[in-house]
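Each chain gets a letter, A, B and so on, in the order the sequences are listed, and its residues count up from 1. All figures in this text were calculated on a predicted structure; none of them were measured in a lab.
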Protein chains: 2
Amino acid sequence: MLIFMLFLTKKGMLDKRTKLMNAAKVLFSENGFYATPTAKIAKEAGVSNGILFHYFPTKADLIHAMYYDIKDRIFNYSVSQIYKEATLKESIYTLWLAAVEWNLENSEDFEFMLQFENSPYFSNEIEKKHKYVQMSIELAEQGRLQNIFKDVDPLLLFQTMSCLVETNVKFLKYNPIFQNDVGFKNTLFEIAWDAIKK
Amino acid sequence: MLIFMLFLTKKGMLDKRTKLMNAAKVLFSENGFYATPTAKIAKEAGVSNGILFHYFPTKADLIHAMYYDIKDRIFNYSVSQIYKEATLKESIYTLWLAAVEWNLENSEDFEFMLQFENSPYFSNEIEKKHKYVQMSIELAEQGRLQNIFKDVDPLLLFQTMSCLVETNVKFLKYNPIFQNDVGFKNTLFEIAWDAIKK
DNA sequence: AAACAGACCGACTAATCAGTCGATGTTAAT
DNA sequence: ATTAACATCGACTGATTAGTCGGTCTGTTT
């Protein structure tokens with residue numbers, strides 16, 4: 001049975017929970033949470049209305065599940081990019097680039113996140129607990145101890161980087177010419193690096 | 001008649017259009033656009049349900065009117081702060097500080113703006129037309145021509161500053177101890193300045 | 001083969017909400 | 001005094017929507 005399930009998954013016949021999250025991602029990024037009825041999500045996912053509430057007792061539960069899913073995926077991608085022997089600056093660059101490229105390639109996830117983080121669903125406290133944020137804060141703390149970064153709360157350094165990534169991604173979306181321009185991307189990183197470095 | 005209207009205004013008996021916008025501001029910043037029914041806005045404003053649609057044909061019209069109102073107010077405040085003989089860095093500092101302090105003092109406007117700018121109501125094109133944005137871009141262009149700023153699209157420089165202001169305000173809201181700490185605010189500005197300067 | 005459990009369906013409902021409408025009051029202009 | 005134009009009210013409606021429910025199907029356990 002387990003083997004059969006794996007087979008299904010590999011063939012692209014995703015389980016309905018995943019189908020629902022994918023459908024919601026598309027519709028949310030097009031019309032926002034509130035203009036997207038649950039019935040439409042189920043329809044787009046090709047499943048029944050009722051099954052949505054089987055997997056996610058409320059619409060808010062679905063939205064939260066999607067948030068954690070995205071955070072996990074961007075964390076896994078970022079971690080896969082960094083390497084051990086890197087200097088601090090190299091690590092920061094790798095993380096910055098990973099974030100920018102991941103968000104550009106996963107445009108719907110990016111749109112979802114923007115909405116979510118500025119909605120009443122979001123709270124700072126939830127975010128701080130995620131391993132992605134914790135890893136970033138740890139790096140910021142390192143840089144501060146090494147006297148490389150400005151002497152402020154590492155959380156602030158992280159938030160500064162995050163908002164710059166967001167701005168960079170938005171800019172690159174509206175100016176696709178630069179998306180493969182390595183020189184331009186280096187300039188973008190310089191902006192971010194200069195901001196946090198001493 | 002005009003005199004009588006002014007008298008009413010001075011006495012705090014605002015016209016109903018303004019009352020509606022003020023009530024909406026409070027409710028929107030507490031619960032968001034979508035969890036705030038128009039009927040509740042009218043009730044909070046102490047006016048009838050129908051009059052809301054007399055002044056704002058749709059809920060979206062109300063929201064847009066509020067957006068323009070806020071942009072106008074922050075623009076007027078910012079302009080009142082700058083002075084002619086200032087250097088470029090002084091002007092940027094003044095604008096940065098004005099934005100940070102205005103947003104801290106007008107917390108509901110700030111919350112509204114965050115929601116609005118990440119909602120389907122918002123479009124980049126609308127924003128770019130506002131005199132506040134145009135003034136800022138002009139300054140950025142000046143700095144670039146004087147070879148003081150990094151050599152990128154002035155719009156990007158403006159967006160960079162804006163997102164840093166946003167981050168700063170959020171941080172100061174969560175860490176009120178720093179709100180009157182001039183040294184800390186200078187460090188915050190250094191972060192922003194280092195980001196854009198060459 | 002019976003009992004069980006979880007996936008799944010889709011019609012249904014109770015509540016909510018944006019916007020309407022007809023009526024009345026108020027002010028200004030002719 | 002009449003008219004016209006706007007301001008105001010609040011009951012009402014039509015549409016929408018999150019979530020429910022009774023029941024079916026399928027695979028597993030005993």
(request) To the nearest Å, give me how far apart CZ (A/Phe56) and P (D/dT20) are. (result) 15 Å
(request) Mind calculating the distance between NZ (A/Lys40) and P (D/dA18) to the nearest angstrom? (result) 11 Å
(message) For DNA chain D, which residues of residues 41-48 of chain B approach it to below 4.0 angstrom with any heavy atom?
(response) B/Val47, B/Ser48
Hey, can you pull the donor-acceptor pairs under 3.5 Å for the side chains in residues 22-35 of chain A, sequence neighbours left out?
residue: A/Ser29; atom: OG; partner: A/Lys25; partner atom: O; Å: 3.4
residue: A/Ser29; atom: OG; partner: A/Val26; partner atom: O; Å: 3.2

(message) Suppose we screen for side chain to side chain donor-acceptor pair (under 3.5 Å). Which residues come up paired with B/Asp69, at least two apart in sequence or across chains?
(response) B/Arg73
(message) If the threshold is 4.0 Å, N to carboxylate O, is there a salt bridge linking B/Lys129 and B/Glu125?
(response) no
(request) Look at the rings of A/Phe116 and A/Tyr67 and say which category their plane angle falls in: under 30° parallel, 30 to 60° tilted, over 60° perpendicular. (result) parallel
(request) Mind checking A/Tyr55 for me? I need base, sugar-phosphate or nothing, with any heavy atom below 4.0 Å counting as a touch. (result) sugar-phosphate
Would you tabulate the pairs of protein nitrogen or oxygen atoms and nucleotide nitrogen or oxygen atoms of nucleotides 16-20 of chain C closer than 3.5 angstrom?
residue: C/dA18; atom: OP1; partner: B/Lys59; partner atom: NZ; Å: 2.8
residue: C/dA18; atom: OP2; partner: B/Thr38; partner atom: N; Å: 2.6
residue: C/dA18; atom: OP2; partner: B/Thr38; partner atom: OG1; Å: 2.7
residue: C/dG19; atom: OP2; partner: B/Lys59; partner atom: N; Å: 2.8
residue: C/dG19; atom: O6; partner: B/Asn49; partner atom: ND2; Å: 3.1

(request) Could I get the full list of side chain to side chain donor-acceptor pair (under 3.5 Å) partners for A/Lys16, not counting sequence neighbours? (result) none
(request) Whole angstrom is fine here: how far is it from CZ in B/Arg17 over to C1' in D/dC6? (result) 15 Å
(request) Measure from CG on A/Leu52 to P on D/dT20 and round the result to the nearest Å. (result) 12 Å
(message) Nearest 0.5 angstrom please: A/Asn186 CG to A/Trp193 CH2, how far?
(response) 13.5 Å
Show which side-chain atoms of residues 139-147 of chain B pair as donor or acceptor with protein atoms under 3.5 Å away, not counting sequence neighbours.
residue: B/Arg144; atom: NH1; partner: B/Val152; partner atom: O; Å: 3.1
residue: B/Asn147; atom: OD1; partner: B/Lys198; partner atom: NZ; Å: 2.9

(request) Salt-bridge test for A/Lys170 and A/Glu166: reply yes if a basic N is under 4.0 Å from a carboxylate O, no otherwise. (result) yes
(request) Using atom CD1 of A/Ile51 as one end and atom P of D/dG19 as the other, report the distance to the nearest whole Å. (result) 16 Å
(message) Just N and O in the side chain of A/His54: are any of them under 4.0 Å from OP1 or OP2 of C/dC8?
(response) no
(request) Take atom NZ of A/Lys19 and atom C1' of C/dA7, then tell me their distance rounded to the nearest Å. (result) 13 Å
(message) Atom NZ of residue position B/Lys40 - does it have more than 12 heavy atoms of other residues, nucleotides or ligands inside 6.0 Å?
(response) no
